[in-house]
Amino acid sequence: MSTPLPRRTVLAAACTAGCLTAAGCSSTQPRQDESAPAEITASEVPVGGGIVLADTQLVITQPEAGVFRAFSAVCTHQGCTVSEVTDGFIGCRCHGSRFSIVDGSVIRSPAPEPLPARTVTRTGGVLTVNRSEQITDRDRRVFVRSGE
């Protein structure tokens with residue numbers, strides 16, 4: 001016959017196990033500075049398409065040769081990270097929203113708003129995206145052409 005454990009012992013063991021589990025799941029890698037600019041080589045962005053940078057929550061597109069645009073990669077529907085850039089649109093696999101590679105506007109709902117645009121500059125072959133500066137609707141036409 002076994003002796004029942006006191007309730008305090010069981011609770012203490014459960015709390016210890018929970019704390020150890022949480023500590024084991026935490027990342028030891030430093031978090032990226034979310035305000036730091038992101039850089040990518042222009043040659044990595046295909047003409048007529050783009051690239052999703054999930055680690056920096058950005059999408060960079062090149063709708064036509066030498067024209068670069070940047071947007072937040074967070075879908076405006078429910079906050080999923082968009083997953084692909086194909087056939088002239090940015091796609092979110094969570095619920096099927098699609099956005100234009102030209103201006104981030106909604107092509108297919110359920111997303112209620114366009115992807116927020118970000119400032120992109122080109123120096124030589126390097127594109128730099130300011131992740132903390134959002135372009136307003138008035139400035140949404142801003143883009144970078146080769147040689148600028």
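What you are looking at is a predicted structure, and each value in this text was computed from that prediction instead of being measured. Hydrogens, waters and symmetry mates play no part in the numbers below; they use all other heavy atoms, side chains included. Starting from 1, each residue takes its place in the sequence as its number.
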Hey, are the side chains of [X] and [Y] touching, using non-hydrogen atoms and a 4.5 Å cut-off?
X    : Y    : value
R93  : C80  : no
P112 : T76  : yes
V85  : I51  : no
P37  : N130 : no

Could you state the interatomic distance from [atom1] ([X]) to [atom2] ([Y]), rounded to the nearest 0.5 Å?
X   : Y   : atom1 : atom2 : answer
C94 : Q78 : SG    : CD    : 8.0 Å
L53 : E39 : CG    : CD    : 12.0 Å
E84 : R98 : CD    : CZ    : 7.5 Å
I90 : T61 : CD1   : OG1   : 5.5 Å

- Task: Determine yes or no for a side-chain-to-main-chain donor-acceptor pair under 3.5 angstrom, with R69 supplying the side chain and V102 the backbone.
- Result: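 Yes, R69 side chain to V102 backbone: donor-acceptor pair under 3.5 Å.
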
- Message: Using only atom types and a distance under 3.5 Å, with no angle test, would you say the side chain of R108 pairs donor to acceptor with the backbone of P110?
- Response: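 Not confirmed, R108 side chain does not pair with P110 backbone.
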
- Message: Taking atom CD as the centre, does E44 end up with more than 12 heavy-atom neighbours from other residues, nucleotides or ligands that are less than 6.0 angstrom away?
- Response: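 Yes, the 6.0 Å shell around CD holds more than 12 heavy atoms from other groups.
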
Which heavy atom of [X] sits nearest to which heavy atom of [Y], and what is that distance?
X    : Y    : answer
L127 : F68  : CD1-CD2, 3.4 Å
S97  : S109 : OG-C, 3.9 Å
V74  : L115 : O-CD2, 3.5 Å
T81  : Q57  : OG1-NE2, 3.3 Å
R118 : L58  : CG-CD2, 4.0 Å

- Task: Could you state whether V120 and I40 fall into the same hydrophobic cluster, counting links through intermediate Ile, Leu, Val, Met, Phe, Trp or Tyr residues with side-chain heavy atoms under 4.5 angstrom apart?
- Result: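 Same hydrophobic cluster.
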
- Query: Would you say V106 and V52 are hydrophobically clustered, going by side-chain heavy atoms of ILVMFWY under 4.5 Å?
  - Reply: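 Yes; tracing contacts between hydrophobic side chains, which count when under 4.5 Å, links both residues.
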
- Task: Enumerate the residue pairs fulfilling ring-ring contact (aromatic ring centres under 6.0 Å, His included) with a member in residues 96-121, sequence neighbours excluded, ordered by first and then second residue.
- Result: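 Qualifying pairs: none.
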
